[in-house]
Asks: 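Would you mind keeping the following structure in view while I ask a few things?
Just so we're on the same page: letters track the sequence lines, and every chain starts at 1. What you see below is based on every heavy atom in this structure, not just the backbone, and it leaves out hydrogens, waters and symmetry mates.
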Amino acid sequence: MVITRFPPSPTGHLHLGGARTALFNWLFSKHNKGKFILRFEDTDKERSKPEYVESVKASLKWLGLNWDEGPYFQSERIKIYHQYAQKLFEEGKAYYCECPKEVLEQKKKEMLAKGLKPKYDKICREKKLEPKPGRALRIKAPELGEIVFEDLLRGKIVFSAEEIDDFIIIRSDGMPTYNFAVVIDDITMSITHIIRGDDHISNTPKQILIYKALEINPPKFVHIPMVLGPDGTRLSKRHGAKSILEYKEAGFLPNALINYLARLGWGYGDQEYFTIEELIEKFDLKNINLSPARFDQDKLLAFNAYWMRNSSSKYLLNHVKPFLKNYDLNKFSEDYILSAIETVKIRTKTLIEMAEMMNFYLTEDIIYDIDGAKKFLLPEIAPILGKIAQDLKELPLEEKILENYLRTLAETSGMKFKNIAQAIRVALTGKTVSPGLFEIIKVLGKEKTVERIKKAIEYIKGL
RNA sequence: GCCCCCAUCGUCUAGUGGACUAGGAUACUGGCCUCUCACGCCAGAGACACGGGUUCGAAUCCCGUUGGGGGCGCCA
């Protein structure tokens, strides 16, 4: 069985890059009817915060990336790491080191200054030090030869043993380091495929060394390219973004974000739009691109707009509700709101825009746009509006019939159809931009329509 | 500095030696549709980083150069 995992460190909110890594792991496991595990890597006591755990979980849930197992916390698994560390120590594959941090740092600086690769000088390697508080445990790395691993996307990747030093696996405070904890977790959780950002490629040989020392076969490695900011540098706060939850608040649909993220670095012929089900069905590691992808806000917006206009009104209602907090939705029937959504969904790119455009459906308090009123609510139109308000009572609410009626009226009255239409639009919505006039009337119903037209007549008279 | 990864329109991508006059999406421009705004439709502009090979033939394979990204922690 395929088992993948997503191992964030709870030192920040879930961002786009992390979400995409989670998505690829999730899709791969779903595609193979396997398992997806959530694990928090919280061995950094200083920076890990419970609130980030909650935030990451909330983000994944919102995106629909549910985990089958976990969440596990590395901080609760310290004993396990120590067992494996003990084994390596006893077998002479790891040794304790008493070098003070400051000395190590100083040496590192000096090597860097000389243009050398900073490496531990192994002075404790043969000291045969016993475990003692304050001593770190280092792995004995090979001094010669090559460390090779197979990446499912990139093939063989080779590092010279000289590149890898005797790195620390248990810190002097007893906490495992990242490279050690990951390996032990992946072993004990039976992870079959490690799908992660390619910034981890250079960690992989270190991890391979641990697998070797433990005499355990490593899982498959899949290093996916990272997500870059629009300027081609690593995605960061500088780019104005953003935790996943911020996209939620900005009015994005989770499936649009998923679709966009999936297409960032992955392709399936010329197809752009995928439902979650299609992604699960069609996702394939082979189609992952090798070069880093830039995040493009415009394209995300386009995906969102696409899913806004192509999702059911029911689905949209669920997601737009939080943006409609200022209205008392209980005053309206669900059918009314759904029909309203139906008319606005092709015209809005985000849920925020949708909520804004729905304003006139949900309030009686129509405030006229100043320029619009000035331009269209003119004295000469008042009598015609009056006639419409009168006639409307007799007309069926059919778009074609209404339109024919209004066109005829325009002809007989000598007014331009366009001007009458705009006047009614301003009367009904307060704006010069809105869904189609007859759609609106149909949704609003006769009563509200007539009432609003009459108010507009009053307004004109009051000028 | 050293090591690793990568390289097709601005951006996301299709392309796995001949079907390439390099396709799609997005953004942009023009037009059509039209009660406004959208949607939709049509058209336009826009890329194989460069230099060498291999081959009858290269966007595609190899080498180099350049460029971009990542790593070099008792962070993850």
Side-chain angles (χ1 to χ4, degrees), chain A residues 7-12 41-44 46-48 74 97 99-101 104-105 108 111-119 135-138 151 154 157-160 162-165 167-179 181-182 197-205 223 225-226 228 230 232-234 260 263-273 287 289-303 305-306 309 344-349 357 372 376 403 406-407 410 416-426 429 431-438:
Chain A
S9 68
T11 54
E41 311 214 321
D42 57 347
T43 55
D44 185 338
E46 308 279 299
R47 297 196 300 144
S48 297
Q74 289 189 329
C97 167
C99 298
K101 277 184 208 174
L104 258 21
E105 256 162 59
K108 186 177 135 189
M111 296 199 71
L112 232 32
K114 282 185 205 161
L116 296 167
K117 194 178 173 77
K119 272 179 76 175
R135 286 178 181 169
L137 187 65
R138 288 181 183 273
D151 183 285
R154 298 162 210 260
I157 297 180
V158 181
F159 284 82
S160 161
E162 288 158 38
E163 294 297 319
I164 313 296
D165 67 356
F167 59 94
I168 289 171
I169 57 176
I170 302 285
R171 291 187 269 234
S172 50
D173 67 356
M175 289 296 263
T177 57
Y178 163 76
N179 278 311
V182 175
D198 65 11
D199 49 332
H200 283 287
I201 289 180
S202 47
N203 281 323
T204 309
H223 289 100
M226 314 214 331
L228 270 25
T233 63
R234 192 173 192 155
Y260 173 72
R263 283 284 291 111
L264 203 57
W266 176 81
Y268 188 82
D270 281 342
Q271 187 174 348
E272 293 282 340
Y273 304 111
N287 294 324
N289 252 259
L290 262 30
S291 50
R294 296 185 194 208
F295 169 70
D296 182 16
Q297 182 87 25
D298 279 345
K299 187 123 184 179
L300 206 211
L301 246 192
F303 272 82
Y306 176 87
R309 67 184 110 93
V344 299
K345 69 185 193 183
I346 63 162
R347 295 165 225 269
T348 53
K349 291 185 196 299
M357 196 175 256
F376 297 112
E403 180 165 358
L406 210 62
R407 286 195 186 278
K416 276 188 184 158
F417 174 78
K418 208 168 178 167
N419 291 334
I420 300 176
Q422 282 301 75
I424 301 174
R425 188 186 312 283
V426 173
T429 71
K431 302 201 164 89
T432 54
V433 172
S434 82
L437 199 53
F438 307 109

Asks: Distance check, P atoms only: B:G73 and B:C3, in whole angstrom units.
Replies: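 The answer is 16 Å between these two P atoms.
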
Asks: Strictly by Watson-Crick or wobble contacts shorter than 3.5 Å, is anything paired with B:G1, and which nucleotide is it?
Replies: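 Paired with B:C72.
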
Asks: For B:G51, what is the paired nucleotide under Watson-Crick or G-U wobble rules, both distances under 3.5 Å?
Replies: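 Paired with B:C63.
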
Asks: Under 3.5 Å, is there an N or O donor on one side and an acceptor on the other linking the side chain of A:Arg347 and the base of B:C39?
Replies: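 Donor-acceptor pair under 3.5 Å: no.
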
Asks: Within the side chain of A:Asp151, is there an N or O that forms a donor-acceptor pair under 3.5 Å with the backbone of A:His223?
Replies: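 Such a contact is found between A:Asp151 side chain and A:His223 backbone.
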
Asks: Thinking salt bridges, do A:Asp42 and A:Arg47 make one under a 4.0 Å N-O criterion?
Replies: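 So A:Asp42 does not pair with A:Arg47 through a salt bridge.
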
Asks: Give me the ring orientation class for A:Tyr306 and A:Tyr273: parallel if the planes are under 30° apart, tilted from 30 to 60°, perpendicular past 60°.
Replies: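 The rings of A:Tyr306 and A:Tyr273 lie parallel, inter-plane angle below 30°.
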
Asks: In whole angstrom, give the distance that lies between atom OH of A:Tyr178 and atom P of B:G73.
Replies: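 In whole Å, B:G73 P lies 15 Å from A:Tyr178 OH.
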
Asks: Counting only Watson-Crick or G-U wobble pairs whose two distances fall under 3.5 Å, which nucleotide matches B:U26?
Replies: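 B:U26 is paired with B:G10.
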
Asks: Go through A:Arg138 and A:Asp165 one step at a time and tell me if the salt bridge (charged side-chain N to carboxylate O under 4.0 Å, His left out) criterion holds.
Replies: CA-CA 9 Å; A:Arg138 288 181 183 273; A:Asp165 67 356; 5.1 Å; no

Asks: How far does the C1' atom of B:C62 sit from the matching atom of B:U16, given to the nearest Å?
Replies: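 The answer is 16 Å between these two C1' atoms.
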
Asks: Assess whether atom CD of A:Glu163 is packed by more than 12 heavy atoms of other residues, nucleotides or ligands within 6.0 Å.
Replies: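 Atom CD in A:Glu163 is crowded, with more than 12 foreign heavy atoms closer than 6.0 Å.
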
Asks: Output the rounded distance in Å from CG (A:Asp165) to C1' (B:C74).
Replies: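 It is 12 Å, rounded to the nearest whole Å.
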
Asks: Pick the P atom in B:C39 and in B:A25, then give their distance to the nearest Å.
Replies: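 Pairwise P distance, B:C39 against B:A25, rounds to 14 Å.
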
Asks: Look at atom NZ of A:Lys119 and say whether more than 12 heavy atoms of other residues, nucleotides or ligands are closer to it than 6.0 Å.
Replies: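 More than 12 heavy atoms, drawn from other residues, nucleotides or ligands, come within 6.0 Å of this atom.
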
Asks: Considering only the P atoms, how many Å lie between B:A27 and B:A19, rounded to the nearest integer?
Replies: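 Result for the P pair: 31 Å, nearest Å.
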
Asks: What's the gap between B:U60 and B:G10 when it is taken at their C1' atoms, as a whole Å value?
Replies: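 The answer is 24 Å between these two C1' atoms.
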
Asks: Within the sub-3.5 Å range, which N or O atoms of nucleotides 70-72 of chain B have a protein N or O partner, and how far apart are they?
Replies:
from	atom 1	to	atom 2	distance (Å)
B:G70	O3'	A:Arg234	NH1	3.2
B:G71	OP1	A:Arg234	NH1	2.6
B:G71	O4'	A:Ser202	OG	3.3
B:G71	O2'	A:Ser202	OG	2.7
B:G71	N2	A:Lys117	NZ	3.2

Asks: Between P on B:A76 and CD on A:Glu46, what's the gap in Å once rounded to a whole number?
Replies: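 Distance, rounded to whole Å: 11 Å.
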
Asks: Considering only the C1' atoms, how many Å lie between B:G51 and B:A14, rounded to the nearest integer?
Replies: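 Looking at atom C1' only, B:G51 and B:A14 are 27 Å apart.
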
Asks: So which nucleotide does B:C20 pair with, by the Watson-Crick or G-U wobble rule with both distances under 3.5 Å?
Replies: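 Check on B:C20: unpaired, no WC or wobble geometry under 3.5 Å.
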
Asks: In whole Å, measure the gap between the P atoms of B:C72 and B:G30 for me.
Replies: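 B:C72 and B:G30 have their P atoms separated by 49 Å.
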
Asks: Between B:C37 atom C1' and A:Gln422 atom CD, what is the distance in whole Å?
Replies: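 It works out to 9 Å between those atoms.
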
Asks: Any side-chain N or O of A:Thr43 less than 4.0 Å from the OP1 or OP2 oxygen of B:A76?
Replies: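 For A:Thr43, the contact criterion (side-chain N or O under 4.0 Å from OP1 or OP2 of B:A76) is met.
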
Asks: When the distance from CG of A:Asp270 to P of B:A22 is rounded to whole Å, what number comes out?
Replies: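 Rounded to the whole Å, the gap is 16 Å.
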
Asks: State whether A:Arg294 places a side-chain N or O below 4.0 Å from either non-bridging phosphate oxygen (OP1 or OP2) of B:G68.
Replies: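 Result: no.
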
Asks: Please report the shortest heavy-atom distance between A:Ser48 and A:Thr11, naming the atom on each side.
Replies: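 The pair with the smallest heavy-atom distance is N-CG2, 3.9 Å.
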
Asks: Please give the distance between the P atoms of B:U29 and B:G71 as a whole number of Å.
Replies: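 Here B:U29 and B:G71 have their P atoms 38 Å from each other.
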
Asks: Just how far, in rounded Å, is P of B:U26 from CD of A:Glu272?
Replies: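 These atoms are roughly 7 Å apart.
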
Asks: What nucleotide among B:U13, B:A27, B:C6 has an atom nearest to a side-chain atom of A:Asp298?
Replies: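 My answer, after comparing the listed nucleotides, is B:A27.
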
Asks: Would you say the base of B:A25 and the side-chain of A:Lys299 have a donor-acceptor pair closer than 3.5 Å?
Replies: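 A donor-acceptor contact between them is present.
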
Asks: Taking CG from A:Leu290 and P from B:C5, how many angstroms apart are they, rounded to a whole number?
Replies: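 So the two atoms are 11 Å apart, to the nearest Å.
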
Asks: Considering only side-chain heavy atoms of A:Arg309, which listed nucleotide, B:G40, B:C5, B:U13, is closest?
Replies: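 The closest nucleotide is B:G40.
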
Asks: How far apart are the closest heavy atoms of A:Leu290 and A:Pro225, and which atoms are they?
Replies: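 For A:Leu290 and A:Pro225, the tightest heavy-atom pair comes out as O-CB, 3.7 Å.
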
Asks: Report yes or no: does A:Arg263 contribute a side-chain atom to a donor-acceptor pair with the main-chain N or O of A:Trp266 at less than 3.5 Å?
Replies: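 At least one qualifying donor-acceptor pair exists.
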
Asks: Between A:Phe295 (CZ) and B:U26 (P), how many Å, whole number?
Replies: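 Interatomic distance, CZ of A:Phe295 to P of B:U26: 17 Å.
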
Asks: Partner of B:C41 by Watson-Crick or G-U wobble geometry, both contacts under 3.5 Å, or none?
Replies: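 B:C41 is paired with B:G31.
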
